[in-house]
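Counting convention: from 1, in listed order, for ligands and their atoms alike. All values below come from the heavy atoms of this structure, side chains included, with hydrogens, waters and symmetry mates left out.
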Amino acid sequence: IFLILYCLLNSSETGKPHTMLIETSAQSSDIKHLPKVVQQKKKIPKPKLYPNSALFTKWGDDLTEDEQKEAEALFRMYGYNAFLSNRTPLDRALPDTRDSRCRNVYYPEDLPTISVVLIYLDEALSVIQRAIRSIIARTPKHLLREIILVDDYSKNTPQWNLSNVTTKRPGLIRKVRHKRQMGLSQSRNSGWQVATADVVAILDAHIEVIEGWAEPLLARIKADRTVVVSPVFDKVHFDDLHVEKYLSFGHGFDWALWCLYESFSQDWINKGDESQPGKSPSIMGIFAADRRFLGEIGGLDGGMTIYGGENVELGIRVWLCGGSIEVVPCSRIAHIERMHKPYALDLSPLMKRNALRVADVWLDDFKKNVLIAWNLPLQNHGLDIGNVSERKQLREKLKCKPFKWYLENVYTNLETWDNLLGYGTLKNTIYSRYCVDQGAVPGNIPILYECHSQQPQLCYYNTESEIIIGGLRSHKVNSNQCLVDSGSGSTPTLQDCKVARQKELHMHWDFRQGEAIRNKATNRCLEIAWGLNGYYELIIQKCTGQAWKIDNVITTF
Ligand SMILES: *[C@@H]1O[C@H](CO)[C@@H](O)[C@H](O)[C@H]1NC(C)=O
Ligand SMILES: *[C@@H]1O[C@H](CO)[C@@H](O)[C@H](O)[C@H]1NC(C)=O
Ligand SMILES: [Mn+2]
């Protein structure tokens with residue numbers, strides 16, 4: 001089976017669906033839950049001061065009230081359990097989440113040297129210290145040139161005492177601090193600029209590397225300097241900091257450019273060796289590359305602001321401009337999945353702006369798919385995407401391939417959305433305050449509902465005369481919901497479009513902007529009628545001449 005999983009965890013933050021957790025039942029016995037620092041004695045339960053805080057759902061039963069206050073305050077600041085981190089050994093042991101085959105690989109002594117860049121904004125000191133400790137302890141000494149800390153203008157920069165982590169290797173740690181917040185892209189560039197080793201690994205600072213993480217990355221880059229590689233991230237739970245093994249996936253995205261994990265190619269699966277690197281359409285943001293090659297292809301797009309899209313931009317550019325991307329399962333990094341990120345409560349506006357920038361520079365005719373995914377008009381969306389002329393020049397200078405090549409050769413799972421005629425909310429002209437909406441989920445009865453223009457109300461009309469309701473999926477393996485007239489009764493239904501096509505349900509509609517929506521098979525119309533409950537209802541009936549409008553028209557229909 002082919003899996004697609006969104007990578008951002010909490011939907012309140014992003015408006016995106018939840019990520020499924022990827023549990024590996026086969027290997028879960030490998031994973032030792034680390035001893036909890038806070039002793040769990042069975043006593044009279046302490047009163048919970050924060051019953052609604054995610055931090056205390058599964059953790060912290062035995063904390064005193066003062067401890068709860070401290071832990072909650074730190075959690076709000078960092079999005080993870082900094083209270084526990086401060087009380088956990090910096091050199092704690094981690095489960096070895098590698099495939100057993102990885103442990104027997106022989107790597108030559110003369111691998112390229114590595115500079116490790118840790119970028120951060122408002123990160124707990126003990127978390128950064130633990131990252132540094134793990135890198136020093138688990139990277140061959142003769143290969144580790146330096147660790148570069150890039151502080152993107154954190155609000156509370158602690159007076160750092162790094163003596164616990166650096167005693168034996170003076171000069172190993174270098175610091176860069178931005179004078180104002182410049183975002184993920186610029187942070188990565190700042191680290192790259194001061195790096196001196198053959199290879200640069202750019203990581204988040206809320207990570208711990210797992211034994212043997214560097215060698216497989218360095219070996220791939222030594223074999224081919226144009227390969228940009230990513231380790232596999234295992235999940236560190238934000239509350240009790242235990243490590244959960246994740247399966248190896250490729251890194252992809254949807255047309256809004258939200259990141260997601262997806263299965264490697266059938267070729268990779270057929271090899272039957274999960275320790276082998278797999279080709280990936282994109283990267284998540286944690287990666288290693290030949291330092292000079294990364295410079296030659298233009299580093300990260302410095303015009304990106306704060307958060308989002310920069311990883312997809314790099315992924316597309318690497319593929320189009322002469323390189324490739326691989327995820328290397330033998331290289332593993334335990335990464336804290338924060339409950340919330342320090343950049344903004346709602347990441348969507350940041351993401352949208354950067355996504356439009358990627359679309360403008362790289363996507364050619366497929367730029368419209370990004371606009372459709374964000375439900376923006378094709379002309380004059382009115383958002384400021386900054387100056388992209390330098391990035392367009394870069395694309396010319398590097399003689400990069402057209403985006404179509406990427407869709408045909410690299411990311412073949414993306415649906416190209418060629419057949420769309422119109423998109424957006426669908427409103428009846430006699431009562432345009434209400435929109436067609438997919439209705440209750442689970443369920444398959446579309447309704448009329450107060451307009452909010454979120455995914456449940458996004459509708460599409462295409463050249464097959466299908467009406468899709470409730471969002472449009474970006475990947476060929478996924479399916480949309482099509483409006484169907486069951487032929488009797490007055491209730492409209494939604495059916496999986498692929499199934500509806502197979503079963504030849506009545507799913508084809510004559511529709512022109514500002515006119516009736518009439519089923520080709522039954523000749524009945526989608527209309528609204530005053531219901532017994534005192535509201536307008538969405539129904540199918542003998543046509544009475546009602547008209548509909550969809551927000552955006554791609555091709556006149
Ligand atoms: C690091 O060292 C300082 C003193 O140099 C000490 O106060 C602090 O607790 C140490 N941090 C950890 C996490 O061990
Ligand atoms: C965009 O940047 C280029 C150089 O990078 C500059 O020549 C051009 O004037 C800028 N355009 C605008 C509108 O600022
Ligand atoms: Mn992270």
Side-chain angles (χ1 to χ4, degrees), residues 5-10 13-14 16 19 21 75 77-82 85 116-124 127-128 130-132 134-135 149-152 154 183-189 191 201-210 213 230-239 241 243-244 246 249 251 258-261 282-288 298-312 314 327 332-344 347 350-351 356-357 360-361 382-398:
L5 314 151
Y6 277 91
C7 51
L8 290 165
L9 257 175
N10 51 335
E13 176 185 305
T14 62
K16 291 304 293 184
T19 312
L21 299 182
F75 174 60
M77 200 179 303
Y78 297 116
Y80 50 66
N81 195 341
S85 171
V116 181
V117 175
L118 299 177
I119 63 164
Y120 61 91
L121 171 68
D122 296 323
E123 204 85 73
V127 163
I128 301 180
R130 191 169 298 107
I132 295 171
S134 76
I135 292 162
L149 304 178
V150 182
D151 176 359
D152 191 20
S154 296
L184 292 177
S185 259
Q186 277 296 358
S187 299
R188 294 185 178 122
N189 282 342
I202 303 189
L203 315 178
D204 290 354
H206 42 264
I207 55 99
E208 291 154 86
V209 298
I210 287 176
W213 77 286
S230 173
V232 172
F233 320 135
D234 294 308
K235 173 179 177 169
V236 178
H237 287 247
F238 70 86
D239 52 358
L241 305 181
V243 178
E244 175 183 337
Y246 267 7
F249 277 89
H251 301 169
W258 289 109
C259 61
L260 45 82
Y261 294 104
S282 181
I283 50 161
M284 291 287 173
I286 288 182
F287 64 94
L300 274 293
D301 175 1
M304 295 267 185
T305 49
I306 319 290
Y307 181 92
E310 78 293 332
N311 54 329
V312 173
L314 178 61
V327 173
R332 309 197 70 97
I333 286 187
H335 167 255
I336 303 180
E337 284 188 8
R338 292 181 286 193
M339 190 60 193
H340 51 84
K341 297 183 196 291
Y343 315 108
L347 297 173
L350 307 175
M351 182 70 205
L356 292 173
R357 216 177 139 84
D360 213 48
V361 177
L383 291 161
D384 177 14
I385 63 165
N387 187 340
V388 291
S389 65
E390 238 178 87
R391 298 312 279 184
K392 286 184 168 167
Q393 279 166 22
L394 176 75
R395 182 175 176 177
E396 270 178 34
K397 189 184 94 188
L398 296 174

>> Just to be sure I understand the site: which N, O or S atoms from the protein are less than 2.8 Å away from the Mn ion (ligand 3)?
In response: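 Listed by chain and number: Asp204 OD2, His206 NE2, His335 NE2.
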>> For ligand 2, give me the residues whose heavy-atom distance to it is below 4.0 Å, by chain and number please.
In response: Asn387, Ser389, Glu390
> Taking all atoms of both residues into account, what is the closest heavy-atom pair of Gly285 and Asn311, and its distance?
Replying inline: N-CB, 3.9 Å
>> So which atom in Glu123 and which in Ala205 form the shortest heavy-atom distance, rounded to 0.1 Å?
In response: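 Heavy atoms only, the tightest pair is OE1-CB, 3.8 Å.
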> In Å and rounded to the nearest 0.5 Å, what is the CD1 to CG distance from Ile385 to Asp360?
Replying inline: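 Nearest 0.5 Å value for the CD1-CG distance: 4.0 Å.
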>> Among residues at least two apart in sequence or on other chains, which ones pass salt bridge (charged side-chain N to carboxylate O under 4.0 Å, His left out) with Asp234?
In response: Arg332
> Residues two or more places apart in sequence or in another chain: which of them pass salt bridge (charged side-chain N to carboxylate O under 4.0 Å, His left out) with Arg391?
Replying inline: Asp301, Glu313
Within the 4.5 Å heavy-atom criterion, are [X] and [Y] side-chain neighbours or not?
X	Y	result
His335	His206	yes
Ile135	Leu118	yes
Phe238	Tyr78	no
Tyr246	Leu5	no

